[in-house]
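Below is one structure, written out as structure tokens, with a few remarks after it.
Owing to the predicted nature of the structure, the values given are computational and were not obtained by experimental measurement. All values below were derived from every heavy atom in this structure, side-chain atoms included, with hydrogens, water molecules and symmetry-related copies excluded. The sequence lines fix the lettering, A, B, ..., with proteins before strands; numbering per chain opens at 1.
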Amino acid sequence: MSNKNNTKGDCFSCQNLSCLMKKNYDADSYADVVANRYIIDCKKSQSFIMEGAPVQGIFFVYSGKAKVTRTGANGKEQVIRLAADGDIVGHRGYNRATVYPIAATALENTTLCYFHHKYFTNEMQTHNTLTYDLMLFYADELDKSEARAKRYAQMNVKDKVIDTLLTIYDRFGQDEKGLRFVLSRTELANVAGTKSEQLIRSLTALKNKGWINCEGKYIFIVDAAALRKEIEKFNF
DNA sequence: CCATTAAAGTGGT
DNA sequence: ACCACTTTAATGG
């Protein structure tokens with residue numbers, strides 16, 4: 001599923017300004033990055049990282065959307081993180097473990113930039129601005145993860161659904177149709193840590209309050225302020 | 001376009 | 001929470 005290099009031009013022309021590779025190399029040194037980069041075109045619902053597989057490298061989303069998941073005891077899927085253009089995926093392989101603790105799956109046709117473990121490790125050890133940015137990124141992720149765990153421990157299902165909707169709204173925004181990161185009801189439920197039936201009931205309740213609008217799979221946030229107010233007591 | 005399948009939504013236990 | 005059912009949307013020929 002991979003073809004070597006350059007079907008997407010060099011990093012210099014890449015529009016993903018948030019990409020850590022883009023950010024930490026200048027026009028001259030991109031040549032080396034590009035020489036070590038694999039472009040992977042991933043079809044919808046194809047997994048490009050499998051839980052428990054040996055760490056082979058790291059991915060950046062060039063374009064498209066992906067979910068990062070962990071499987072619980074009874075095979076229940078928990079969505080850990082959503083990734084879109086410019087986002088890093090597979091960084092959880094970079095600890096003392098030698099296997100990925102997560103799975104990553106494309107939610108639509110998605111193009112990935114891939115770097116082999118050996119190359120990327122060497123870059124981290126020699127390119128300190130990249131390493132520093134990565135450290136900040138890991139710290140932010142840990143902070144978000146802890147804050148979320150704290151909130152979710154106190155929340156009921158409806159609160160978690162509101163929290164999930166606002167998280168997607170804040171990170172990916174919405175257009176005239178609705179939230180820019182479109183998920184099925186089941187996938188949304190897996191983000192909120194609940195079941196699709198309960199998620200659907202919560203959405204209906206929020207719709208009836210006039211805070212959101214649902215048009216098929218599109219969810220439009222009508223009153224973000226009201227939604228925030230509903231769960232503000234969990235942010236102390 | 002219609003037929004088949006998948007997903008959304010509802011109601012009962 | 002779980003299951004069974006109806007309705008609606010997506011897919012593919």
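Under a 4.0 Å N-O distance rule, the pair A/Glu141/A/Arg92 does not qualify as a salt bridge. Look at A/Asp170 and A/Arg228 and you find a salt bridge, because one of the NZ, NE, NH1 or NH2 atoms lies within 4.0 Å of a carboxylate O, short of that distance. The pair A/Glu215-A/Lys177 does not count as a salt bridge, with every side-chain nitrogen at least 4.0 angstrom from each carboxylate oxygen. The existence of a salt bridge linking A/Arg171 and A/Asp87 is confirmed by a sub-4.0 Å separation between a basic side-chain nitrogen and an acidic carboxylate oxygen.
One atom, NZ of A/Lys44, and another, C1' of C/dT11, lie 11 Å apart when rounded to the nearest Å. What separates CD of A/Glu215 from P of C/dT8 is a distance of 13 Å, to the nearest Å.
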Could you list, one pair per line, each protein nitrogen or oxygen that sits under 3.5 Å from a nitrogen or oxygen of nucleotides 4-9 of chain B, together with the distance?
residue : atom : partner  : partner atom : Å
B/dA8   : OP1  : A/Arg185 : N            : 2.9
B/dG9   : OP1  : A/Arg185 : NH1          : 3.2
B/dG9   : OP2  : A/Arg185 : NH1          : 2.4

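For A/His91 and A/Phe59, the gap between ring centers reaches or exceeds 6.0 Å.
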